[in-house]
Amino acid sequence: MPDTHALNVVIAGGGVAAVEAALALRELAGDRVAITLVAPQDDFELRALRTAEPFAADHVRRRSLRELADRVGARLVAGTVIAVEPQRHGVRLASGEGLTYDALLVAVGARRRPAFARALTFTGDEPVSPLNGLLADLEQHWTRSVAFVVPPGCTWPLPLYELALQTAAHVHAMGIDDVRLRVVSPESAPLGVFGEAASDAVAELLGSAGVDFAGDTFVSVDDRGHLLDGPLGLPLEEERIVALPLLEGPSIVGLPAGPRGFIPIDGRGRVVSAEDVWAAGDGTTFPVKQGGLACQMADAVAEQLAARAGADVEPQPFHPVLRGRLLTGRGMELLSRTLPPAGDGSASRPTLWSAPRKVDGRFLSAWLEEVEGPEAVAPGGEGEAHVDVEVPVSDTWAAEQPAAERS
């Protein structure tokens, strides 16, 4: 049990950043920290696998947060942090309960809302029965065309590409060859966040699957709610629309809020103008919202807190490396690129995919592989695109949102 002099750390949240931070803190600091995990849900979910469920390729992993808390010797409090009082080092929960802390990590994620009323919005938060209905309509020839739309302001479009590629594989497996599928995106090239070499490889995947790509297209909505093709201002031609949501920050009372409610942090995850408060994950102003990056932020914070608690740890700044795994529905292609580039990138022959590593976390991945057993091949031979990209770090992310995020 931690002694009475242990650093009192409160972690708000129950997603990948919160779980990674709890595991990292206990590993790095041992009994030098007393951890309280505040989460509104009972289970941790690996939401990144939600895109596989409509195609029976895999399922969302769920693990008990109580089991995690017992493992790391943390106190688990069921609740939601709604306010922070940095000067008093206290938080208030929706239930009215109050907690005190020596250090606070806010890892509550972002809020998701539909970008378009007349679209099937894939949030990754709920069951995928509407997508199952879309697949059934395609199989029964009730629907002949689908547009997969990346809304302006979305900085992590990879799940939409997974849905498009797996839908293409699904209809082709059914012997259906008269369905038009198209990805419509503000990106100039497919998954351009990964760089030219990786983008070229994804474009080849789309072409082989028979999925068209319309880039530099900012879909808008007219006064009747119809979706318009950005450059032409004409209604989208497709019969059905699948879109990703827009994200908004948590807007917690007592903490600063940047564009659209996101929490401004510096290059070490410290919340601007809030002493002894850190933040990690999708709820921050870091522009790319992705689970692996959330884990890396959590690691950087955990190192600082462990050192503060007296552990022999040399804290490192948050140096984000983006790793993406793209489910394609037909085998797997591995891509690799690091910035600054050592070359033009590379691609390998299809290999096997480890489901527990859909999200890379230094401690999270090891925990998931331990509780899930040995790494297994995902059913159906599903695969991934694997890309490494270093993202430049500046002193603060507060003013670095894309223009669409600041609107």
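One-based numbering along the sequence shown. Below, each value reflects all heavy atoms present in this structure, side chains not excepted, and no hydrogens, waters or symmetry copies.
Ile241 CD1 to Leu236 CG: the interatomic distance, rounded to the nearest 0.5 Å, is 4.5 Å. Remark: Leu68 CG to Ile35 CD1 distance equals 9.0 Å, nearest 0.5 Å. From Leu247, atom CG reaches atom OG1 of Thr155 across 6.5 Å, with rounding to the nearest 0.5 Å. Leu246 CG to Phe116 CZ: the interatomic distance, rounded to the nearest 0.5 Å, is 7.0 Å. Remark: Arg240 CZ to Thr143 OG1 distance equals 4.5 Å, nearest 0.5 Å. Note that the CG atom of Leu7 and the CG atom of Asp31 stand 13.0 Å from one another [nearest 0.5 Å].
Aromatic ring orientation, Phe286 versus Phe318: perpendicular (interplanar angle above 60°, classes split at 30° and 60°).
Of the charged side-chain nitrogens involved, at least one lies within less than 4.0 Å of a carboxylate oxygen, so that Arg71 and Glu370 count as a salt-bridged pair. Looking at Asp42 and Arg66, no side-chain N of the basic residue comes within less than 4.0 Å of a carboxylate O on the acidic one, giving no salt bridge. Taking the charged nitrogens against the carboxylate oxygens, Asp276 and Arg308 do have a contact shorter than 4.0 Å, which makes a salt bridge.
Side-chain atoms of Pro256 and Val271, non-hydrogen and from C-beta on, do get closer than 4.5 Å to each other. Put simply, the side chain of Trp278 does not reach to within 4.5 Å of the side chain of Leu104, judged on heavy atoms. Contact check for Val211 versus Arg182: no side-chain heavy atoms found under the 4.5 Å cut-off. Between Val38 and Leu93 there is a side-chain heavy-atom pair separated by less than 4.5 Å. With contacts defined as side-chain heavy-atom distances shorter than 4.5 Å, the pair Thr284/Met297 qualifies. A heavy-atom distance below 4.5 Å is not found between the side chains of Phe148 and Phe122. Within the 4.5 Å cutoff, the side chain of Thr51 has heavy atoms near those of the Gln166 side chain. A 4.5 Å side-chain heavy-atom check between Val242 and Leu163 finds at least one atom pair inside the cut-off.
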| query | Does the salt bridge (charged side-chain N to carboxylate O under 4.0 Å, His left out) test come out yes or no for Arg260 and Glu248, once each step is laid out? | reply | CA-CA 5 Å; Arg260 288 168 58 172; Glu248 296 176 340; 5.4 Å; no
| task | Evaluate the criterion side chain to side chain contact (heavy atoms under 4.5 Å, CB included) for residue pair Leu181 and Val179; output intermediate values, then yes/no. | result | CA-CA 6 Å; Leu181 304 176; Val179 170; 3.6 Å; yes
| message | Evaluate Leu65 against Leu76 for side chain to side chain contact (heavy atoms under 4.5 Å, CB included), listing each step before the verdict. | response | CA-CA 8 Å; Leu65 286 176; Leu76 179 63; 4.2 Å; yes
| request: Determine, stepwise, if the pair Arg270 / Ile265 fulfils side chain to side chain contact (heavy atoms under 4.5 Å, CB included). | output: CA-CA 5 Å; Arg270 295 173 297 202; Ile265 60 173; over 6 Å; no
| task | With salt bridge (charged side-chain N to carboxylate O under 4.0 Å, His left out) as the test, would you mind laying out the steps for Arg112 and Asp282 before giving the verdict? | result | CA-CA 11 Å; Arg112 292 164 174 80; Asp282 290 357; 3.4 Å; yes
| task | Show your working on side chain to side chain contact (heavy atoms under 4.5 Å, CB included) between Arg63 and Leu368 and close with a plain yes or no. | result | CA-CA 9 Å; Arg63 303 305 307 183; Leu368 290 178; 4.3 Å; yes
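Between Ala300 and Pro317, the shortest heavy-atom distance links the atoms CB-C, 4.4 Å. The heavy-atom pair separating Pro250 from Gly283 by the smallest distance is CD-O, 3.5 Å. Here the shortest heavy-atom pairing between Ala103 and Leu305 reads CB-CD2, 3.6 Å. Among all heavy-atom pairs drawn from Pro151 and Pro245, the shortest one is CG-O, 4.2 Å. Minimum interatomic distance between Pro40 and Thr80 (heavy atoms only, all atoms of both residues): CB-OG1, 3.3 Å. Nearest heavy atoms, Leu244 versus Pro157: CD1-CA, 3.7 Å.
Formation of a donor-acceptor pair under 3.5 Å by the Glu303 side chain with backbone atoms of Gln316 is found in this model. Between the side chain of Arg26 and the backbone N or O of Val33 there is at least one donor-acceptor pair closer than 3.5 Å. Checked by atom type and distance alone, the side chain of Arg32 never pairs as donor or acceptor with a backbone atom of Ala6 at under 3.5 Å. A side-chain donor-acceptor contact under 3.5 Å links Asp266 to the backbone of Arg268. A side-chain donor-acceptor contact under 3.5 Å links Thr217 to the backbone of Gly215.
No side-chain N or O of Glu238 forms a donor-acceptor pair with one of Ser145 less than 3.5 Å apart. Residues His319 and Gln296 bring no donor and acceptor atom of their side chains to less than 3.5 Å of each other.
By the ring-ring contact (aromatic ring centres under 6.0 Å, His included) test, Trp156 pairs with Phe194, sequence neighbours left out.
Sequence neighbours left out, the pairs with a member in residues 90-107 that pass salt bridge (Lys or Arg N to Asp or Glu O under 4.0 Å) are Arg75-Glu97. Contacts classified as salt bridge (Lys or Arg N to Asp or Glu O under 4.0 Å) and involving residues 145-157 (residues at least two apart or in different chains) are not found. Sorted by first and then second residue, the ring-ring contact (aromatic ring centres under 6.0 Å, His included) pairs with a member in residues 60-95 read His89-Tyr101; sequence neighbours excluded.
More than 12 heavy atoms of other residues, nucleotides or ligands shown are found within 6.0 angstrom of CD on Glu67. In Arg180, the CZ atom is crowded: over 12 heavy atoms of neighbouring residues, nucleotides or ligands sit closer than 6.0 Å. For Asp312, the CG atom is loosely surrounded, since the number of other residues' heavy atoms within 6.0 Å does not exceed 12. Heavy-atom contacts from other residues, nucleotides or ligands closer than 6.0 Å to CD of Glu27 number 12 or fewer.
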Could you list the donor-acceptor pairs under 3.5 angstrom formed by side chains in residues 10-25, with sequence neighbours left out?
unit_1	atom_1	unit_2	atom_2	d
Glu20	OE1	Phe363	N	3.3
Glu20	OE1	Leu364	N	2.7
Glu20	OE2	Arg362	N	3.2
Glu20	OE2	Phe363	N	3.1

Residues 183-190, side-chain donor-acceptor partners within the protein, below 3.5 Å, at least two apart:
unit_1	atom_1	unit_2	atom_2	d
Ser185	OG	Glu187	N	3.1
Ser185	OG	Glu187	OE1	2.7
Glu187	OE1	Tyr161	OH	2.6
Glu187	OE2	Leu191	N	3.2
Glu187	OE2	Gly192	N	3.4
Ser188	OG	Asp216	OD1	2.8

